[in-house]
Amino acid sequence: MAHAHSVKRHKGLMDWLTTVDHKKIGILYLLAGGLFFGIGGIEALLIRLQLIKPMNDLVSAQTFNELITMHGTTMIFLGVMPVIFALMNAVIPLQIGARDVAFPFLNSLGFWTFLFGGILLNLSWVMGGAPDAGWTSYTPLSTNTYSTTHGVDFYTIGLQIAGLGTLIGGINFLATIITMRAPGMSFMRMPMFTWTAFITSAMILFAFPAITVGLVLLTFDRILGANFFEVANGGSPVLWQHIFWIFGHPEVYILILPAFGVISEVIPTFARKRLFGYSSMVFATILIAFLGFMVWAHHMFTTGLGPVANALFSISTMLIAVPTGIKIFNWLFTMWGGQVRFTAANLFAIGFIPTFVMGGVTGVMLASAPADYQFHDTYFVVAHFHYVIVGGLVFGLFAGLHYWWPKMFGRVLNETIGKWEFWLFAIGFHLTFFVQHFLGLMGMQRRIFTYLPNQGFDTLNLVSTVGAFLMGVGVLLFLFNTILTATKPKGVANDPWEDGRTLEWTIASPPAEYNFKQIPLVRGIDAYWKEKMAGNKEMTPAEPLGPIHMPSPTILPFVMSVGIFIAGLGMMFSKEHFSNSFMSLIFNNWIVVIIGLLITFGSMLLRSLFDDHGWHIEVEELEEEGVKA
Amino acid sequence: MTSHAETVNGELPHEPEKATLEGRNKILSFWLFLGGEAVLFGTLFATFLALRNQTNDGPTANELFQLPMTAAATLILLVSSLTSVFAIQAMHKHKVAALRVWLMVTVVLGLGFLGLEIYEFAEYVTAEKFGMTTSAFSSAFYTLVGFHGAHVAFGVLWISVLIGQLYKKGLTVVTAPKVYVSAMYWHFIDVVWVFIFTVVYLLGKVG
Amino acid sequence: MSVDQHADHDVIKHRHRSEGPQKHIIVFIFSIILTVIAFATVAAGGVNATFTVILLLIMAILQVFMQLGYWMHLKDKGHLMPILFMIFGFFVAGTAVIMALYWVWW
Amino acid sequence: MKLAISIMVVVLLIVFAITAYVLVKFRRRAGQSGVPEQVEGNFKLEIIWTVIPLILVIVLAVPTVQQVFAFGDDHFNDKDAVQVKVTSHQYWWEFEYPQYGVKTAQDLIIPVKKKIAFELKTADVLHSFWVPSLSGKMDTNPDGTLNKFSFSADKEGVFRGKCAELCGPSHGFMEFKVKSVSEASFDKWVTAMKAPAVLPEDAALAEVFKKQCLSCHAVGDQGGPVAPNLTGIGSRESVASILLNEGQEGGKPVKENLKTWLDDPQAVKPGNKMPSPKDLGLTDEQIDGIADYLANYKLNY
């Protein structure tokens, strides 16, 4: 094994298409997430423009429904999920002291599958109309009878493909965190972000199969004429709601938990104080995840499940307030007695706390079924979930991006612009969504494309729209900041915030391909901080310097994803009537689907038949780089 | 991490599937995957249970199902599960030839099961006028049992590819985890079938 | 693998080799018996329906436990994570089934 | 709900106060270099902020459960309840009073202070029946999952009703009105509804109306059930639920609204199922005549 295999090292575009390096895949996730976040943001601004005044006719009713559907779907599945995965990819292996993830190949496959699913979904805009039944796609509105374009097909197939990618990513991170931790890093010494990534991945594992089934059933209804949700033939629309929310509620915790993790990293660093109540934080995270699977029907109080179900789900939902409260107070007491520094990252993290608490208290109010009969499907709900998802998750993501940007790119984002971003975004956010609580209480339902005057909605909607544009400016500033920073020279210190506590700050920014020359020995929670306090400059290595085995880059994940993409398109149009006879031939006979699947399974076969021996970075090379550094 | 030392000395360890970190990772994450599969099939079962009485004037479970055929399918799959246990035992004893034979028996039994299922479905569609579009019950039935059937088909293909690799590459620390994982998959298929014959067929007969 | 296992490789190997197929054949026979009980109860008919349902479910769960434990080695050491994840998988699947039984029609 | 809001406001104030205090008191000062004490946690504090929220949750849960069960009671067969079967359509509401043998659309007439017991059903996609100022909402589901609930209006007046579940392009326009009237008026209304249909006086126009409109709509004892019942449409609060009639803020004369609607239904309510009268071959004069007839088709109650 000592002898090194020669390996093709790609340059430029090919390098990015074939990379299996978690740090590069993290950047790819960030780019893809940024793209979809931008698309979702533009959709949001169009929605707000349409609602700026009563009886507005900027967009048609149909277009508006497409906009809200795509805004929700894009933001949830394609906008914030990949940014979460970007941070997880960029940080988790470093935090646990690993050279890579457990399955570099799967990591790449997960990304490309996700990306092609997202592209497929967004192609709907130019291929005959976007989905229009809401991001929840309640049946029968989303069945063939009432949604006659291919929009919902793009939704079902695109999300299945993107979901597959997410699931693969989730399993990869679970395995990575379980088996790849550095010596000495027990579960109870893992950084909080790693913990939340672990729990989030577990939730992905258990929640995504449910939505996959739901989407398969809806696809079968729409394409194969099955009757799962066809009322006339015995199907049940309520069943769709259950399946959707059995996935859907865990999904929102999948989103928020990583934000909790980011906050738990950023606040201690900038307060120069260890996380208060680490064990109770871990416990609270697990409890939230567990309860998250038992509250789904609180989205269905008005469906009419009956008093027993409504009472049960009311109580289980309220219980979630307890572990969440634990977290809030732990963060506050982390800062208590510390030395809080107001960097851009920390501003977002601190801003997260009151904002998220506001989303939390409206959540408890919604948890009460009798009150929800009034609140449900109004702008009160819209305000609530934007407070937790934007005020919670997106604040958390911005905190994380500012915090780890130097580790990912070797450059610190401009702090002054960063602070402007925060204030614009935060003020815009509250302007947009705070007033929506009152709109909801006054009786404005969600998902209406316009509203009659004289209901007292006009001014508040105008304020909301103005706020949305302020948020938009904040996001543009962030974009500008990243571009500006990219023009600056690389080369920040290993620990640019000077108070880094975890392993990622012990290595170069950005880290070498192999992350750790020698795997570090972990002696306690906040491993790096512990060494610092003991007066050490570096971690104690847990192994002698030796050749490092690296996985080979490969194009197969990309090809496999292209195959799935083709099969998905083929599936969608299999019942379409084409004027072109060649198109009818290949689509109506499932030839396209078969070609797509052959590409995918063929690549899988290739992967199985030809072992990847990888390649080695030799000791001499490592030492050379050591000298250079 | 002792994995490297074990592969270097050239001799295959007792449990070759767990000799390398890659192998152990593979097995662990396959378990995780099976946890997700449990939810997948759980949701399909839930769908079936919710729609089991929605027959829309089409055939009902009681009219449709023939116990002898289900019993035969059950026996075939159960035996194939046992043969894949034998395959793993052969692997642990480094008897590559026996391993290949047991895997082949498993594949043949899997094909037998698939044949029975296809025959059953064809019978329902032609003789009983019970197709995917007949009723909500029929959709749920074909989707649940069909998903399981697709899993069996994939398993058959997968194990066949592995048999080929065992001929070409022999039993190594790279091929062993693959064989082990495929056996886990095969057992899981059998576990799902236990629930299918109970919930779909037997409880369908009970009504 | 612990250190003494390495030290005494041959003995270990021998001990492992002696692990024969008996255990698995017993599991197989058990599975067959449980299956036969289930099929026979239904085929015989006339038994109280509620009782049959409960009996069938018990037979199925017993069989699944045996196969997971022995054939898939979940009862062996070092399977904490697989056990945790399988339990939670079955838990989520179970909630879905409860949903289907009680909260879809009213 | 007041209890919930007050508890939540208190929680918010506490968190905001602690946040503000921490941010002011413990900001890093220039030249500060020492390392603060690394506190692992505080068992007592952690217990406190676990137990207190738990108690608050219990305080909230008890009334919630009581209300859930109270709301879940079925009053449909109460002796003194007025039964109303609501059927929702894309994008209009049908109200049937089985005790009186009356069917109407869009304007739900109810006697004040009496319990109105609803049975909710949809004819197509899911909708949700909601009168914000009178009660919470309930989904309208297909057969097998029908919902029942009840409310009563304390005072006479007109209340806005809405659809709260996305149901297609005109979801936002799927409104209705609840008109709470005295019991005497209600009885008069029922009698008026059961009176024989009044058709256009002009025989030719009546023929056109019967042929083109009554194939789907109904007036009195004539016509079909597919589209909204038009009996007494002249005295309703709106045309097509969003063209408000005189008497409401921003309202216009009934006839004008009817003409707007008949002129191009799709322009008023995108995606609705009504064919354009012009496409059916009606002339402008005929449309005008029908609008005039409908505007004057009033019920006296």
Side-chain angles (χ1 to χ4, degrees), chain A residues 1-2 101-103 106 167-168 170-172 174-176 178-180 183 201-202 204-214 216-217 220-221 224-236 238-240 242-243 246-247 293 519 542-543 546 549 551 601 604-605 608-609 611-613, chain B residues 1 4 7-8 21-22 24-58 131-144 146-147 154 157-158 161-162 164-165 168-169 172 174-175 178:
Chain A
M1 288 286 263
V101 291
F103 302 100
L106 285 186
L167 185 65
I168 292 172
I171 293 180
N172 180 27
L174 282 174
T176 305
I178 294 173
T179 65
M180 310 279 284
S201 303
I204 288 176
L205 174 66
F206 295 118
F208 271 75
I211 192 64
T212 304
V213 168
V216 164
L217 303 186
F220 281 9
D221 263 19
L224 303 180
N227 299 311
F228 295 103
F229 311 117
E230 276 311 327
V231 175
N233 295 335
S236 164
V238 176
L239 180 64
W240 166 265
H242 276 298
I243 294 177
I246 282 179
F247 149 80
F293 279 93
I519 299 293
E543 57 171 13
H549 180 244
F601 284 110
M604 240 160 119
L605 189 67
S608 181
L609 291 181
D611 297 334
D612 172 26
H613 297 291
Chain B
M1 265 179 255
H4 273 276
T7 55
V8 168
L21 178 65
E22 286 77 12
R24 290 192 294 271
N25 276 349
K26 212 171 245 180
I27 293 169
L28 172 78
S29 39
F30 203 78
W31 272 114
L32 305 179
F33 170 73
L34 289 185
E37 286 268 280
V39 178
L40 184 100
F41 278 105
T43 317
L44 285 169
F45 271 107
T47 306
F48 175 82
L49 285 169
L51 303 175
R52 69 192 186 283
N53 295 322
Q54 304 300 106
T55 49
N56 190 29
D57 299 331
M132 188 74 165
T133 55
T134 308
S135 60
F137 164 64
S138 75
S139 305
F141 168 79
Y142 282 116
T143 306
L144 170 58
F147 246 78
F154 184 79
L157 285 177
W158 182 7
V161 170
L162 290 184
Q165 290 194 30
K168 220 178 121 206
K169 302 176 190 167
T172 67
V174 177
T175 48
K178 296 184 186 178

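In what follows, every chain begins at residue 1, and chains take the letters A, B, ... in the order their sequences are listed. Any value given below was found using the heavy atoms of this structure, including those in side chains, with hydrogens, waters and symmetry copies removed.
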Problem set entry | Shortest non-hydrogen contact from B:V39 toward A:F206 | CG1-O, 3.2 Å
Exercise. Does any heavy atom of chain B fall under 4.5 Å from the side chain of A:L239, the backbone, both, or neither of them?
Worked result: side chain
Problem set entry | Between B:E37, B:K168, B:K26, B:M132, the one whose heavy-atom pairs under 4.5 Å with chain A are most numerous | B:M132
Exercise. Without hydrogens or angle criteria, can the side chains of A:S608 and B:Q165 be said to hold a donor-acceptor pair below 3.5 Å?
Worked result: yes
For this session: Give, as side chain, backbone, both or neither, the part of B:A50 having an atom under 4.5 angstrom from any heavy atom of chain A.
Result: side chain
Problem set entry | Interatomic distance, B:L157 atom CG to A:M604 atom CE [nearest 0.5 angstrom] | 10.0 Å
For this session: Mind ranking A:V238, A:T179, A:D221 by heavy-atom pairs under 4.5 Å with chain B and telling me who comes out on top?
Result: A:T179
Problem set entry | Side chain / backbone / both / neither for B:L44 at chain A, heavy atoms under 4.5 Å | both
Problem set entry | B:F154 versus chain A, the contacting section by heavy-atom distance below 4.5 Å | side chain
For this session: Check each atom of B:T55 against the heavy atoms of chain A and say whether the ones under 4.5 Å are side chain, backbone, both or neither.
Result: neither
For this session: Can you measure from CZ (B:F30) to CD1 (A:I171) and round to the nearest 0.5 angstrom?
Result: 9.0 Å
For this session: For residues B:F147 and A:V216, report the shortest heavy-atom separation together with the two atoms involved.
Result: CE1-CG1, 3.9 Å
Exercise. Any idea which heavy atoms bring B:A136 and A:G235 closest together, and the distance?
Worked result: CB-N, 3.7 Å
Exercise. Can you tell me how far the CG atom of A:N233 sits from the OG1 atom of B:T134, to the nearest 0.5 Å?
Worked result: 9.0 Å
Exercise. Given that the side chain runs from C-beta out, which part of A:I246 has a heavy atom under 4.5 Å from chain B: side chain, backbone, both or neither?
Worked result: neither
Exercise. Excluding sequence neighbours, so at least two apart, what forms salt bridge (charged side-chain N to carboxylate O under 4.0 Å, His left out) with B:K178?
Worked result: A:D611
Problem set entry | Interchain contact, A:A232 with chain B, by part (heavy-atom threshold 4.5 Å) | backbone
For this session: Let me know if A:I168 has heavy atoms under 4.5 Å from chain B in its side chain, its backbone, both or neither.
Result: neither
Problem set entry | Proximal component of B:L51, with respect to chain A [non-hydrogen, under 4.5 Å] | side chain
Problem set entry | chain B contacts, top residue of A:F228, A:F220, A:F601 (heavy-atom pairs, under 4.5 Å) | A:F228
For this session: Search all heavy atoms of A:V213 against all heavy atoms of B:T43 and return the closest pair with its distance.
Result: CG1-CG2, 3.8 Å
Seminar exercise, completed: If one checks every heavy atom of B:F137 against chain A at 4.5 Å, the contacting part turns out to be neither
Exercise. Can you say whether A:F208 sits under 4.5 Å from chain B via the side chain, the backbone, both, or neither, judging by heavy atoms?
Worked result: neither
Problem set entry | Residue part contacting chain B, namely of A:L609, when any heavy atom lies under 4.5 Å | both
Problem set entry | Exam field: side chain A:N227 to backbone B:T133, donor-acceptor pair closer than 3.5 Å | yes
Seminar exercise, completed: Applying a strict 4.5 Å limit to non-hydrogen atoms, the region of A:L167 in contact with chain B is neither
